[in-house]
Amino acid sequence: MTARFASFAEFYPYYLTQHADRRCRRAHFIGTSSAIASIAQYIDSLNAWWLLFALVSGYGGAWIGHFFYEKNKPASFSQPWFSFRADWVMYWQMLTGKLSW
């Protein structure tokens with residue numbers, strides 16, 4: 001992706017085009033859910049390994065979705081902040097049924 005986006009509102013529709021394959025969105029959802037659970041486990045145990053697992057599972061799920069299903073490069077490589085925010089918006093939309101997963 002070479003385009004730069006001036007705002008998140010401009011970026012998010014593009015972000016969704018990069019997640020057209022339902023399996024990719026599912027991999028994102030599973031990875032993000034695992035990251036949330038890992039952070040909760042860290043808070044309970046104060047074992048820092050859970051934070052590492054949160055990063056690996058969160059990004060791992062997303063990258064699996066892109067490399068194996070979408071066959072594209074994650075937007076986080078070129079737009080890290082917008083992508084991070086968009087992942088949470090997409091997660092919420094899937095969780096609340098506004099976006100299929």
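Nothing here was measured: the structure is a model prediction, and the numbers come from that model. The first residue in the sequence is number 1, and the count goes up from there.
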Approximate separation, where rounding is to 0.5 Å, of [X] [atom1] and [Y] [atom2]:
X     : Y     : atom1 : atom2 : result
Gln41 : Leu46 : CD    : CG    : 10.5 Å
Trp50 : Ile43 : CH2   : CD1   : 13.0 Å
Met94 : Arg22 : CE    : CZ    : 11.0 Å
Trp88 : Leu95 : CH2   : CG    : 10.5 Å

Is a side-chain donor or acceptor of Ser76 paired with a backbone partner of Ser83 at a separation under 3.5 angstrom?
no

Using modelled atom types only, decide if a donor and an acceptor are shared between the side chain of Glu70 and the backbone of Gly65 within a distance under 3.5 Å.
no

Do [X] and [Y] have side chains that get closer than 4.5 Å, going by heavy atoms?
X     : Y     : value
Tyr12 : Arg85 : no
His28 : His66 : yes
Tyr15 : Asp87 : yes

Do the ring centers of Phe5 and Phe82 come within less than 6.0 Å of each other?
no

Candidates Arg25, Arg23, Gln18 - the one meeting side-chain hydrogen bond (donor to acceptor under 3.5 Å, both in side chains) with Asp21:
Arg23

Taking atom OH of Tyr69 as the centre, does the number of heavy atoms from other residues, nucleotides or ligands within less than 6.0 Å exceed 12?
no

Is the number of heavy atoms from other residues, nucleotides or ligands within 6.0 Å of CZ (Phe84) greater than 12?
no

Would you list the atom pairs, donor with acceptor, under 3.5 Å between side chains in residues 53-63 and any protein atom, with sequence neighbours excluded?
from	atom 1	to	atom 2	distance (Å)
Ser57	OG	Ser34	OG	3.3
Ser57	OG	Phe53	O	2.9
Ser57	OG	Ala54	O	3.3

Should Phe11 and Val89 be counted in the same cluster of Ile, Leu, Val, Met, Phe, Trp and Tyr side chains packed under 4.5 Å apart?
yes

Cluster overlap Ile39 with Ile30, hydrophobic side-chain contacts below 4.5 Å:
no

Please work out whether the ring planes of Phe67 and Phe77 are parallel, tilted or perpendicular, with thresholds of 30° and 60°.
tilted

